[in-house]
Amino acid sequence: MSHDTTRDNKLFTPFNVITGIIILVGLVLTVLRFTKGLGAVTNLDDNNPWGLWIGFDLLCGVALAAGGYVTSAACYIFGLKRYHSAVRPAILTAFLGYALVVFALNYDVGRPLRLPYPIFLSPGTTSLLYEVGLCVFLYLMVLFIEYSPAALEWLGLSKIRNIIVRLTLVLTIFGVVLSTLHQSSLGALFMIAPSKLHPLWYSGYLPVYFFISSIFAGMSMVIFEGSLAHRYLHHKMDETHLKESEGVALGFAKAAAFVMMGYVGIKVIGLAIDNNWHYLATGWGAWFLVELIGFVALPALAYALAARERNLRLARWAAAWSVLGLVLNRLNISLVAFNWHLPSAQRYFPSWMEIAISVFIVTVGIVVYRFIATHMPILYEHPDYRTDH
Amino acid sequence: MGVTRRKFLGWVGAAAGTIVMKGKNASAATNKHFEGYPGSFGVLHDTTRCIGCRKCEQACNVVNELPAPDKAFDDLAVLEEKRRTSGDTYTVVNRFEQDQGRLPTFVKTQCNHCLEPACASVCFVKAFSKDKTGAVTYDASLCVGCRYCMVACPFNIPAYEYDEAFTPRVMKCTLCKPRIEKGQLPGCVESCPKEALTFGPRTQLIKEARRRIDRFPDRYVDHVYGETEMGGTSWLYLSGQPFGEIGMREDLGITPAPSLTAGPLAAVPIVVGLWPVLLTGIWAISRRKDQLADQERIAAVAATTADANEEMQVKLAELKDKMSKEKEAAINLEVKKALEEAAKQAEAENEDAVDTPKEEK
Amino acid sequence: MESVFYTLQDFMLHSKNITYIVMGIVLIALPLFWRFLSGRDEKKRTY
């Protein structure tokens, strides 16, 4: 075997080839988007101003990045030290998740260079979108600071690193405050349009639904990503991480099961409060039940069984299932049940280019995550900074 | 050309409005009931008078310098399809067929310039604003292009320049604010040949609408659309058939748009005020519990050590006791033995002495 | 800052502006007060 062939093999791994193609296509589409406008790349129109990039990249992205605040709250506020090894991966996911949400937003808004306007120039304080924007902006900074010790350890800058680590509790509390606000406000955005959202999904409780679902969505992502990391990044995990990981997964499985059942309860309460039972007998009602029973109640039961029997594999399946359920819920509210009045000819479906750009954005996230997790102390503790807890 | 009633109303309205606005005084008020800017203007659209000539669309296009459309404004075949406002069209006229033998109804659609606009409520850069003239204005120099206004508008009016790559704008009717500030009529109102559009102060227009309904109850449905819908709009409509049949939603309710999100908005500062207290409290309690658990653990270890020590001491003492007792017993035994020995000796010597007394003489 | 509010929108814009500023003050004042509150506690040992 010549020296050259082994070098080629290292560069053209399946992972690199696939992500490379996706990123290349994404870059081409990016140029198209910014030279020809939204109309050239998306299927958005005057009746459907928000599409896949809002429904998936923004709404799902923010909800699935919730593992950061949930895990750090569990460890630092509730004092559950056995989740400590899960904090850094969760914070990294959250940081990259929010960074990608902001990245995706630059594609979706018409004048991305003006994104600082609502915060620094002309705050529209009556708007819940202002509140979302402000909180996401602040929280992205909090997440960056929370993530930075890993990078600083990698760079050997211990003095700054130690200062930042002392801020952990304050940052965690601030993070929970900000997360509560923007997770719920994303739901509240839709309260302005009762005439456009189907009654089974429109509710005065939308902010509560979004906040509570972000909790078990975050936990599910921690479990799900943990299972991926175990498969592909096992060699990077230290003893503590490996020892704690089953406890993290099963602990979150138990917690998620409970929260999800509580969520089912408040959804039913929402039906009762608005007296919307009769809608359940319609086609929309069937779809609503598919979402609530098939993608919340059932995975919650799977989680419960997994927790009772200490079945890690079942917990991981339930996690993937729950993540799908969250995506279904957000897409239902923003794309499916939204504009339900409109005739089907006027309904929206994303163009292949919109889908491709969303895939591109997620791929960028995975590639960056992989780089950071393999080079910086995320899945292991840096030998110079062993924490005593 | 004589002064038409429409024009006269328009002039009176403009004059009255200006006077009222100039005389506005700023009295202190923390009022919770809002009635809109006094003297603000509106337009009454009597759909029973509209003939669908589309002259209003043309006038709007000219006044606002919008691009020329694909089909000319006198092409009435356009009315076969239902249209909505778009990136280059602030207003459209649609035709709604009626039952056999009756003429179709024509309805002009454009921004309704709501008293409490949903677009202004949701715009996170304050690009929309309700003006004292009644116009809901749009500031393209602030707009970020998030299109939340398009989501929020219950009438689906704002349109977007999706094909503009660099400077896309939201597009909607302006109520010809520059014109009405100069005392002119909006372009569409001025061009209507059938007085289907009447401009004037909103309060006057409602009275006029009611008058028409009272005088011709068979001609009109007994409802002024826009009087209360979404908290009231500046464009008011009269119709000869139910509004639902002419493409206007009757299920919008009377709640003004800002009220729809007032609840969540009010919850935001409460979270900011209480969550830090709650979370710090949980952390402090959790830490205290851990500290107490640690202390108990240390105390328990110390106690067991102390207990063990005590036990040791007792055992030691017992051992010592036992040892000294044994020692004593051993000594006693030896003493006893010795005494017994001595006694035996003495006895033996005695016997000897008894046995050999003659030898001593 | 007394003025008549003609629309609910105007009122809410005004009240929310003030509310956001108050939120900022609260977020700064609370941690400071916490530090004052815990000022005389035993220092946590960090070996």
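Chain naming here is simple, since letters A, B, ... match the order of the sequence lines and numbering starts at 1 in each. These values consider heavy atoms only, across backbone and side chains, with no hydrogens, waters or symmetry-generated copies.
Defined by atom type and a distance below 3.5 Å, a donor-acceptor pair is missing between the side-chain atoms of B/Arg84 and B/Asn156. With hydrogens and angles left out, the side-chain atoms of B/Tyr225 and B/Thr233 include no donor and acceptor closer than 3.5 Å. Checking B/Asp88 against B/Ser86 by side-chain atom types alone, a donor-acceptor pair falls below 3.5 Å. No donor-acceptor contact under 3.5 angstrom links the side chains of A/Asp274 and A/Tyr202, judged on distance only. With no hydrogens or angles considered, no side-chain donor-acceptor pair links B/Lys82 and B/Thr109 at under 3.5 Å.
Both the backbone and the side chain of B/Leu142 come within less than 4.5 Å of a heavy atom of chain A. When heavy atoms are compared at a cutoff of 4.5 Å, A/Phe338 approaches chain B solely by way of its side chain, counted from C-beta outward. Contacts of A/Thr42 with chain B are absent, with no heavy-atom separation under 4.5 Å from either backbone or side chain. Proximity to chain B is absent for every atom of A/Asn339, based on heavy atoms less than 4.5 angstrom apart. Both the backbone and the side chain of B/Phe166 come within contact range of chain A, judged by heavy atoms closer than 4.5 Å. Using a 4.5 Å cut-off between heavy atoms, A/Thr35 touches chain B through its backbone atoms (N, CA, C, O) alone. Heavy atoms closer than 4.5 Å to chain B are found nowhere in A/Ile119, neither backbone nor side chain. Both the backbone and the side chain of A/Phe78 come within contact range of chain B, each with at least one heavy atom under 4.5 Å from a heavy atom of that chain. For B/Thr85, the part sitting under 4.5 Å from any heavy atom of chain A is the backbone (N, CA, C, O) and nothing else. Heavy atoms of A/Leu113 lying under 4.5 Å from chain B are absent altogether.
Between chain B and the options A/Leu178, A/Leu169, A/Leu134, the largest number of non-hydrogen pairs under 4.5 Å is found for A/Leu169. Counting heavy-atom pairs under 4.5 Å between each of A/Leu105, A/Leu121, A/Asp108 and chain B puts A/Asp108 at the top. Taking A/Thr125, A/Leu115, A/Val176, A/Leu189 one by one and counting their heavy-atom pairs under 4.5 Å with chain B, the maximum is reached by A/Leu189. For the options A/Ser122, A/Gly39, A/Ala188, heavy-atom pairs under 4.5 Å to chain B are most numerous at A/Ser122.
Atom CG of A/Leu167 has more than 12 neighbouring heavy atoms from other residues, nucleotides or ligands inside a 6.0 Å radius.
Under a 4.0 Å N-O distance rule, the pair B/Glu81/B/Arg83 does not qualify as a salt bridge. A salt bridge links B/Asp294 to B/Arg297: one of the charged nitrogens lies within less than 4.0 Å of a carboxylate oxygen.
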